[in-house]
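Counting starts at 1 for both ligands and their atoms, following the listed order.
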Amino acid sequence: MKKISILGATGSIGTQTLDVIKNDKENFELSAISANSNYKKVINIIDEFNPKLVSMVDLKAYDMVKNYCKENNKSTVVLNGVESLVDVATFDDADIVVTSVVGMVGLVPTLKAIEKGKDIALANKETLVVGGDIVTKAAELTKVKLLPVDSEHGAIFQCMQGNHLKDISKIILTASGGPFRNKKREDLIDIKPNDALKHPKWQMGRKISIDSATLMNKGLEVIEAHFLFNMNYDNIQVVVHPESVIHSMIEYNDGSIIAQLASTDMRLPIQYAINYPERKKAVIDKLDFYALKSLSFEKPDMETFKCLKLCYEAGKKGGNMTAILNGANEVAVDLFLNNKISFLQIEEIIERCLNKFEYKSTVDLDTILDTDKKVRKYVFDLYK
Ligand code: NDP
Ligand code: MG
């Protein structure tokens with residue numbers, strides 16, 4: 001029996017993780033979960049899975065869940081506040097932590113889980129973007145597995161099995177191109193949040209949907225791949241593949257390319273990560289090549305979608321640059337979703353922050369947290 005903690009159990013990845021373990025109840029037990037404010041979903045999860053520990057970051061939502069447990073004689077312990085994410089991440093009765101919280105709020109709990117020796121099924125890419133060096137070093141030290149949940153990284157991880165890192169010449173990250181593929185800059189001026197939230201291939205949370213529309217998501221994934229697979233930025237290539245059937249590929253030194261294909265359903269990379277190295281019975285629809293007919297590929301347009309270019313630049317510089325990039329993006333996406341800035345201002349804000357803040361080539365956790373705080377304040381103050 002594997003015991004699981006989920007950070008961000010009420011979100012898109014959290015819900016799909018619950019679906020995967022529901023289909024495999026003999027092998028998985030849900031030990032602990034966290035959420036921000038969605039108390040209704042948390043109450044449903046408590047009724048169905050009976051976790052031992054729940055963290056609710058929002059105070060009102062905490063009160064609702066706590067009262068529900070009391071009135072219904074539930075033994076679940078309920079905690080409040082952002083610090084309680086660490087309690088869920090380090091819960092004694094869990095073997096593996098699924099990090100499906102959104103944003104760099106996942107960094108500290110992920111690090112604490114690693115220090116406690118928990119394997120990590122990592123969906124929360126912002127954690128690696130801002131703290132890739134310290135997270136991967138901590139995992140090496142404690143011999144903890146960082147199992148990628150992001151579909152591209154899950155694909156690369158699968159293509160690596162039985163091969164050696166040293167034999168890889170290139171990682172090919174596929175991208176759907178997002179809802180505005182083939183659009184030009186003038187078409188992007190009047191984009192509204194609802195247009196940007198409509199992804200052609202994936203149903204996801206709001207933040208990652210906007211990141212997919214700006215191609216920031218692909219840029220964050222380039223940085224994620226750099227840290228997860230210790231790969232040079234020049235050897236990570238993004239290829240637009242609108243059908244989203246090939247989830248990514250590896251080119252080896254001998255010219256062989258190994259790809260992973262499957263239907264567009266996050267439950268497969270989640271299932272593979274939490275069962276690794278085993279493979280379980282499919283929870284997804286299988287591919288039918290007669291129905292697929294053809295697959296196509298394009299070069300990404302980094303002049304129209306500047307965020308991707310900014311990610312390569314910040315990633316290559318390293319140090320605190322990726323924390324600046326990520327902090328600026330998190331606030332900018334929030335401002336855009338609240339109709340405070342336009343779509344194209346997202347990249348403008350990121351570029352401005354990358355130029356404004358002092359570059360530090362090496363970083364520890366305190367520097368990262370401090371950088372993130374300063375960048376957030378700066379962007380908030382600009383549009384207050
Ligand atoms: P969602 O927005 O759907 O879910 C986010 C989860 O985090 C919810 O449980 C939410 O709680 C919780 N949360 C939000 N803000 C806070 C906070 N400040 N403190 C504590 N908890 C918080 O996101 P997704 O599931 O789409 O994405 C999660 C992560 O996985 C992201 O890093 C994303 O990049 C990555 N990912 C997602 C994919 C997808 O298909 N969705 C694919 C690949 C990667 P509540 O519901 O209460 O607000
Ligand atoms: Mg992805």
With heavy-atom distances below 4.0 Å as the criterion, list the atoms of ligand 1 near Asn124. 32 (O)
Check ligand 1 against Asp150 and write out every atom of the ligand that is under 4.0 Å from a heavy-atom position of the residue. 43 (C), 44 (C)
Kindly list each side-chain donor-acceptor pair under 3.5 angstrom involving residues 255-262, sequence neighbours excluded, with atom names and distances?
none

Below the 2.8 Å mark, what number of protein N, O or S atoms do you get around the Mg ion (ligand 2)? 3
Is the side chain of Asp187 donor-acceptor paired with the backbone N or O of Lys184 at a distance under 3.5 Å, no angle test? yes
Can you say whether the rings of Phe297 and His241 are parallel (under 30°), tilted (30 to 60°) or perpendicular (over 60°)? parallel
Ligand 1-proximal atoms of Val57, by part, heavy-atom distance under 4.0 Å: side chain
In this structure, does ligand 1 have an atom that sits under 4.0 Å from one of the heavy atoms of Lys125? yes
Check this for me - ligand 1, Ser37, N or O atoms closer than 3.5 angstrom, yes or no? yes
So which bit of Ala61 gets within less than 4.0 Å of ligand 1, heavy atoms only: side chain, backbone, both or neither? neither
Note: Lys41, heavy atoms under 4.0 Å from ligand 1, region reported as neither
Got a list of side-chain donor-acceptor pairs under 3.5 Å for residues 139-146, not counting sequence neighbours?
unit_1	atom_1	unit_2	atom_2	d
Thr142	OG1	Ile114	O	3.3
Thr142	OG1	Ala138	O	2.8

Has ligand 1 got any nitrogen or oxygen that is less than 3.5 angstrom from a nitrogen or oxygen of Glu126? yes
For Phe157 and Tyr276, take the angle between the two ring planes, folded into 0 to 90°, and tell me which bin it lands in: parallel under 30, tilted 30 to 60, perpendicular over 60. tilted
Would you say Lys40 has more than 12 foreign heavy atoms packed within less than 6.0 Å of its NZ? no
Under a 4.0 angstrom heavy-atom cut-off, which atoms of ligand 1 come close to Ala123? 30 (O), 32 (O), 35 (C), 36 (N), 44 (C)
Run the ring-centre check on Tyr39 versus Tyr68 and record whether the distance is less than 6.0 Å. no
Side chains of Asn23 and Lys281 only: does a donor on one sit below 3.5 Å from an acceptor on the other? no
Looking only at heavy atoms, is any part of Asn36 under 4.0 Å from ligand 1, and if so is it the side chain, the backbone, or both, or is it neither? both
With a 3.5 Å distance limit and no angle check, can you tell me whether Lys118 reaches the backbone of Ala94 through a side-chain donor-acceptor pair? yes
Return yes when Val82 approaches ligand 1 closer than 4.0 angstrom through a heavy atom, no otherwise. no
Under 3.5 Å: N/O of Ile13 near N/O of ligand 1: yes
Minimum non-hydrogen distance to atom 6 (C) of ligand 1, winning option of Ser12, Ser34, Gly14, Ser100: Ser100
Residues Arg181 and Asp301 bridged, charged N to O under 4.0 Å: no
Only distances under 3.5 Å count here; give the side-chain donor-acceptor pairs of residues 355-363 to other protein atoms, sequence neighbours excluded, each with its distance to 0.1 Å.
unit_1	atom_1	unit_2	atom_2	d
Asn355	ND2	Glu351	O	3.3
Tyr359	OH	Lys317	O	2.8

